[in-house]
Amino acid sequence: MSENKQTRREFIAQNATLAAATALGVAAAPSLGAVAENAKPAILGGEPLATDSGPAWPIFVGDEEERLAQVFRSRQWGRAWNPNCVVDQFENEFAKIMGSTYGIAVSSGTAALTTALAALDIGPGDEVITTPYTYAATYNSVLWHWALPVFADVDLETFQVDPKSMASRVTENTRALLPVHIGGAPADLDGILKLGEDRDIPVVEDACQAHLAEWRGKKLGSLGLVGCFSMQITKHLAGGEGGAVITDDADFAYRMMEAHSHGYLPHSGAPLEECKGVRATNSRLTAFQAAIMTAQFPKLVGEASTRNENALYLASLLAEIPGVVPQKVYKQGRSAWHLMMSRVVEEEFGLNADEFVQAMQAEGVPFMRGYRNCDLTGYVRKIFNARAGRRVYSKKKLDDWAEATSLPNFEKVGNEGVWLYQSQFLASKEAMDAIADAVRRVRRFAPEIKKALS
Ligand SMILES: *Cc1c(COP(=O)(O)O)cnc(C)c1O
């Protein structure tokens, strides 16, 4: 932070207006923010605001190496045939922290999704309603089972899937609702859980970005039949790769245990004759990953309030700036702030989202574009037009499905969306002020920047 302050002091020194005002003995000097926002933007050759963008990710707490060494020396490197593996400890602690009864560790967030869908016996001809505004793993996990991802539109203010749009896409073939808590913020679970209950369709929560986020005081992932988590390196709990599923349903937990380990409970040696008919694979987590992550649980819990305070503060600052519309979080919920998603409205800001990101990166603020508006129906069609896929759905069926896929809000958030990544919110409060300064500065100079970039 001291570096950051230094930079701001330099700004004052360089600012001619302020120097002149001081020479004239004018008392009311502009605030630091005002100075920073009036100076020439970095993308036009000015000094970058050089904000503190938070710690390098992942962070280690110190205990990981010793725990890794313990696993190494114990020879219990994986859970298969090891009754006292650290993977079991990880599962128990993870389920508890996430407010659920059963936890099963898997090799990735994608494996968490495919495990949950396998345990639901999702297969060819089935439909799973989900959101287009997500990482490809969400709909790829549906396609992996030769089921059809049916895309519902998103809500413009929250970026989350719209339960009304989901309801309009239910057919006799719908076998699961797959909302994503995108950016770590909750989807509208009141609407989605009610839809699931009314139509008797299980809800699978993609909580891969949403560790410790909440809905009505309960942890995300614990409200539907099953919650799916990713522990890939960028996520809040980073194991390099890794994932988990959680559920309160004992029978469903058993089915997922089978699905992730070739039909066996990994160390029970249960005979195949006793398996429940769940298609299975090997998606087991290694003990090394489990060791790193169990060491990181206290950090995960500790970081949540820092992110929330900083992100809510920054969102309040950005909301004051015309043309930048930070995401809203439903009042029933609390975000984990994996991302802060905002829309850049060109007519009000003077730059489009791509230009905005370029100008902000030059200032040292790591804004990025998010998921873009793209031809998802074309993508899915390619898969079902390939040799094996042609057996599953007729051309007419896919035509009707594509025809019904209308996603105007997805297009808009895809075109206008910009993101800040979670580690930004582990920086100081002053860093949030500096981001807002940089946004105001870029907006003030938007016409010049647009010209320079065109
Ligand atoms: C990261 C992520 C996944 C997949 O997790 P992996 O561990 O990378 O397989 C799925 N859904 C969402 C929303 C994600 O962000």
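First listed ligand is number 1; within each ligand, the first listed atom is number 1. These numbers were taken from a predicted model, which means no experiment stands behind them.
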*Could you point out which residue of H338, R307, Q209, E303 forms a side chain to side chain donor-acceptor pair (under 3.5 Å) with Q422?*
R307
*asked:* In terms of relative ring orientation, are Y139 and F151 parallel, tilted or perpendicular, with 30° and 60° separating the classes?
replied: perpendicular
*Relative to the ring of F356, is the ring of F349 parallel (under 30°), tilted (30 to 60°) or perpendicular (over 60°)?*
perpendicular
_Lys/Arg-Asp/Glu bridge criterion (N-O < 4.0 Å) met for E214, K218_ = no
Could you pull out every N or O of ligand 1 that sits under 3.5 Å from a protein N or O, with the distance for each pair?
unit_1, atom_1, unit_2, atom_2, d
ligand 1, 5 (O), S230, OG, 3.2
ligand 1, 7 (O), G109, N, 2.7
ligand 1, 7 (O), S230, OG, 2.7
ligand 1, 9 (O), G109, N, 3.3
ligand 1, 9 (O), T110, N, 2.9
ligand 1, 9 (O), T110, OG1, 2.5
ligand 1, 11 (N), D206, OD1, 3.3
ligand 1, 11 (N), D206, OD2, 2.8
ligand 1, 15 (O), Q209, NE2, 2.8
ligand 1, 15 (O), K235, NZ, 3.0

*For the residue pair H211 and F229, does the interplanar ring angle fall in the parallel (under 30°), tilted (30 to 60°) or perpendicular (over 60°) class?*
tilted
Check residues 232-240 and write down every donor-acceptor pair under 3.5 Å in which the side-chain atom is one partner and the other belongs to a residue at least two apart or another chain.
unit_1, atom_1, unit_2, atom_2, d
Q232, OE1, T234, N, 2.7
Q232, OE1, T234, OG1, 2.6
K235, NZ, S230, OG, 3.4
H236, NE2, A336, O, 2.8

